[in-house]
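Order of appearance sets the numbers: ligands from 1, and atoms from 1 within every ligand.
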Amino acid sequence: MLAELSPALIAEVKLAAKLLKTKQRICLLTGAGISAESGIPTFRDKQTGLWENYTAEELATPEAFARDPKLSWSWYQWRRQSVADKKPNPAHHALAQWQYDSQTSAQQLTLITQNVDDLHEQSGSTVTHLHGNLWRNRCNQCGVPHQNHARDSYDNDNTVQFEDTLITCSHCDGYIRPDIVWFGEALPMKEWQIAEDAANNCEVFISIGTSSIVYPAAGLAQLAKQNGAHVIEINPNPTRNTIVDITLAEKAGIILPLLVQEMTQL
Ligand code: NAD
Ligand code: ZN
């Protein structure tokens with residue numbers, strides 16, 4: 001694997017590993033890019049099939065749900081169908097390993113994700129979800145969690161279709177919606193507090209697979225930097241993030257296993 005990477009990139013990975021080895025408080029923020037190698041498209045990828053004529057903004061906003069709840073709900077049921085059989089990739093596994101190792105080292109890792117999939121959990125990580133969870137539902141009107149976990153209706157043999165009929169709340173008759181933060185909605189308070197505290201207090205902030213466009217999550221790196229943290233970015237493409245100290249311009253599934261391995265060898 002090393003042979004495929006340029007000497008300059010390998011040197012950057014070693015530099016990052018060396019830096020991380022001397023630091024204790026690490027905050028990691030992941031975005032859609034970390035799940036790309038598991039086969040889940042990022043938000044910048046064009047939608048395919050049934051949904052190619054819709055933009056995410058037409059489906060994933062409170063206004064979209066108010067205008068046409070069935071359309072928005074059907075899209076999420078379709079997304080659940082397409083994500084249900086996806087598995088963590090080497091990037092998720094490397095982070096889980098690092099988090100596990102940190103239990104017996106002096107390091108304190110806080111893993112924050114913008115993703116609504118559960119691939120971090122599947123790989124054994126403890127993670128804070130800033131933008132909600134694809135597998136949970138709640139009432140759009142009164143906010144009560146809907147008791148059925150959406151994943152339970154999927155039996156892993158890829159044959160079950162997620163029902164796209166709307167469900168109503170047993171308390172107030174409002175429509176049930178995915179427990180996801182849509183464009184224009186506030187982030188969950190407890191989760192945001194965890195992220196903000198970790199960014200404020202970390203010595204190194206690592207941004208992984210995120211375009212750093214969507215705020216407030218994109219502001220976490222700046223917060224960390226203002227408080228003296230080093231910022232590392234893992235992304236094969238350039239981003240809007242202008243405060244990066246070390247750029248590791250390759251896929252997360254290649255860089256993270258290497259980085260974790262380098263750290264254990266130091
Ligand atoms: P994004 O799609 O904006 O960016 C993905 C990033 O991952 C890109 O910078 C890309 O270069 C990078 N990438 C691709 N493959 C990679 C790989 N193998 N390894 C590492 N990086 C890789 O996703 P985002 O930054 O997570 O978006 C932020 C948030 O915006 C989302 O979590 C979501 O909540 C919200 N958003 C939602 C929708 C929606 O609901 N449909 C649409 C747009 C944004
Ligand atoms: Zn209700």
Side-chain angles (χ1 to χ4, degrees), residues 28-47 51 54-62 64-65 69 72 75-76 78-79 82-83 88-92 94-95 112-117 119-120 127-134 137-147 166-188 191-192 195 206-221 232-241 244 247-259:
L28 303 111
L29 174 69
T30 66
I34 198 170
S35 296
E37 290 160 83
S38 295
I40 301 176
T42 71
F43 299 109
R44 311 296 142 194
D45 292 329
K46 203 176 167 348
Q47 300 212 87
W51 299 99
Y54 294 92
T55 64
E57 288 80 354
E58 287 172 297
L59 302 160
T61 65
F65 191 78
S72 179
W75 183 60
Y76 276 103
W78 171 81
R79 280 189 71 189
S82 61
V83 167
N89 66 58
H92 297 101
L95 286 183
I112 317 285
T113 191
Q114 299 168 86
N115 297 343
V116 296
D117 65 52
L119 298 188
H120 281 304
V127 62
T128 297
H129 284 270
L130 282 185
H131 292 165
N133 184 320
L134 182 63
N137 286 315
R138 66 176 161 87
C139 173
N140 188 47
Q141 199 160 276
C142 73
V144 161
H146 183 65
Q147 78 260 38
L166 285 167
I167 311 168
T168 50
C169 173
S170 52
H171 302 274
C172 77
D173 226 24
Y175 287 127
I176 297 300
R177 59 168 274 181
D179 193 5
I180 282 178
V181 180
W182 283 331
F183 290 107
E185 292 186 320
L187 267 53
E191 283 78 0
W192 176 249
I206 314 185
S207 179
I208 306 166
T210 172
S211 54
S212 300
I213 290 173
V214 177
Y215 280 78
L220 290 170
I232 299 175
E233 182 171 80
I234 302 175
N235 195 317
N237 303 305
T239 72
R240 299 257 182 100
N241 202 346
V244 178
T247 301
L248 305 174
E250 240 309 341
K251 291 179 177 170
I254 292 177
I255 294 294
L256 280 167
L258 202 58
L259 186 64

For Thr239, side-chain hydrogen bond (donor to acceptor under 3.5 Å, both in side chains) partners two or more places apart: Glu233
Closest contact, heavy atoms only, [X] versus [Y]:
{"X": "Gly39", "Y": "Pro41", "answer": "O-CD, 3.6 Å"}
{"X": "Asn137", "Y": "Ile176", "answer": "CB-CG2, 3.5 Å"}
{"X": "Arg79", "Y": "Val116", "answer": "NH2-CG2, 4.1 Å"}
{"X": "Gly253", "Y": "Pro90", "answer": "O-CB, 3.6 Å"}

Would the distance check show the side chain of Thr168 and the main-chain N or O of Tyr175 forming a donor-acceptor pair, the cut-off being under 3.5 Å? no
Report the protein N/O/S neighbours of the Zn ion (ligand 2) that fall below 2.8 Å; do not count waters.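 Protein N, O or S atoms closer than 2.8 Å to the Zn ion (ligand 2): Cys139 SG, Cys142 SG, Cys169 SG, Cys172 SG.
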Chain-and-number sorted residues having a heavy-atom contact under 4.0 Å with ligand 1 are Gly31, Ala32, Gly33, Ala36, Glu37, Thr42, Phe43, Arg44, Ala56, Ala60, Trp75, Gln114, His131, Phe183, Gly209, Thr210, Ser211, Val214, Asn235, Pro236, Asn237, Lys251, Ala252
Anything under 3.5 Å between a donor and an acceptor, one on a side chain of residues 177-188, the other on a protein residue two or more places apart or in another chain? List them.
{"residue": "Arg177", "atom": "NH1", "partner": "Asn140", "partner atom": "OD1", "Å": "3.4"}
{"residue": "Arg177", "atom": "NH1", "partner": "Glu185", "partner atom": "OE2", "Å": "2.9"}
{"residue": "Arg177", "atom": "NH2", "partner": "Ile180", "partner atom": "O", "Å": "2.6"}
{"residue": "Arg177", "atom": "NH2", "partner": "Glu185", "partner atom": "OE1", "Å": "3.0"}
{"residue": "Asp179", "atom": "OD1", "partner": "Arg138", "partner atom": "NE", "Å": "2.9"}
{"residue": "Asp179", "atom": "OD2", "partner": "Arg136", "partner atom": "NE", "Å": "3.2"}
{"residue": "Asp179", "atom": "OD2", "partner": "Arg136", "partner atom": "NH2", "Å": "3.3"}
{"residue": "Trp182", "atom": "NE1", "partner": "Tyr76", "partner atom": "OH", "Å": "2.9"}
{"residue": "Glu185", "atom": "OE1", "partner": "Trp182", "partner atom": "N", "Å": "2.8"}

Nearest 0.5 Å, what's the CD1-CD1 distance between Ile234 and Ile34? 8.0 Å
Euclidean distance, Leu256 CG relative to Leu95 CG, rounded to 0.5 Å: 5.0 Å
